[in-house]
Amino acid sequence: MVDKKQQKGGSRPAKASKSGGGTSAAFDTWLERKLHEMFDSVTAEPIPDDLLKVIAELDKHVEKK
Amino acid sequence: MSNEFHAMLTDHLPRLRAYAIMLTRDRSAAEDLLQETALRALRAQSQFAMGTNFTAWMYRILRNEYISTLRRSKRRPIHLDDIPEELMSRSGEQDDKVLTREIIQAMDDLQSAQREVLILICASGLSCEEAAESVGCSVGTIKSRLWRARRHMQALVMGEDLGVGEIATDHPTAPSRGNEVHAPS
């Protein structure tokens, strides 16, 4: 079971017991949320204008060839 | 360029940029990588079969370009202080930042092939099939790497020995050898 703080990806998940299995699933869920959160924070940023201009130029250049 | 291809490329730029930042840990290098990737994709657009998986195709081009760049530049190892703030935490809570730092540090201790699969599947949200196509290996290999990566991360972040064997490390930014696929040229 993952608590509310874990659902936000904030706190550490509970340590595994000797048998391990169930808590590994909780850890996997927590890790995925955390990594996804890191990734999403970047995808939410606008693509820099400079880069879009360069890609548009590349597009024209490739089309001409 | 066909409008459809152009639209797909533009739609994928934010994800590809985030993938590039996670691979390079350097915004400037990531923008260069994304630019080279776009150029390769534009040049190779006739090789892309509409209706096949564009996401996996683009990730494969970016990955291969990244490998080529590493081989050319022998870039310096990345230190934690170089990691962009945006990768640390959105919340700004100190506890969260410390934890995120620990995760990034733990990922550096993984084998590059395991780190890669975590970025592709857990961070980027690719399916195992898409990750396999991007990396150029079987779905079974991806699943095995993913399982090992998760257990190693659990051992590193939680300090739990789960009996998955020694964590063999290599260069922090080097891709694994032997699983490169040919990027469209």
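Convention: sequence-line order gives letters A, B, ...; per-chain numbering from 1. Not measured: the values here are computed from a predicted model.
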Distance col, row B:I103:CD1 vs A:E37:CD, nearest 0.5 angstrom, shows 9.0 Å
Does the side chain of B:V157 come within less than 4.5 Å of A:W30's, by heavy atoms? yes
Which pair of non-hydrogen atoms, one from B:Y19 and one from A:F39, has the smallest distance, and what is that distance? N-CE1, 3.5 Å
Atom CD1 of B:I119 and atom CE of A:M38: how far apart are they, to the nearest 0.5 Å? 8.5 Å
To the nearest 0.5 Å, tell me how far A:I47 CD1 sits from B:L16 CG. 8.5 Å
Within a strict 4.5 Å, meaning less than it, do heavy atoms of the B:E36 and A:L58 side chains meet? no
Show the nearest heavy-atom pair for residues A:P48 and B:R17, with the distance to one decimal. CD-NE, 3.7 Å
Are any non-hydrogen side-chain atoms of B:L13 and A:L52 less than 4.5 angstrom apart? yes
Non-hydrogen atoms of chain B under 4.5 Å away: do they reach the side chain of A:L51, the backbone, both or neither? side chain
Charged N to carboxylate O below 4.0 Å: is that the case for B:E102 and A:K34? no
Heavy-atom distance under 4.5 Å to chain A: side chain of B:L118, backbone, both or neither? both
Between A:L31 and chain B, which part of the residue has a heavy atom less than 4.5 Å away: side chain, backbone, both or neither? side chain
Nearest non-hydrogen partners of A:H36 and B:C122, listed with the distance: ND1-O, 3.4 Å
With a 4.5 Å heavy-atom cut-off, do A:D50 and B:E31 have their side chains touching? no
Derivation and outcome, side chain to side chain contact (heavy atoms under 4.5 Å, CB included), residues A:L35 and B:M107: CA-CA 11 Å; A:L35 290 173; B:M107 284 178 77; 3.6 Å; yes
Minimal heavy-atom distance between B:A18 and A:T43, with the atoms involved, is CB-CG2, 3.6 Å
Is there side-chain contact between A:S24 and B:R150, with heavy atoms separated by less than 4.5 Å? no
Least distance between heavy atoms, A:F27 atom then B:R151 atom: CD2-NH2, 4.1 Å
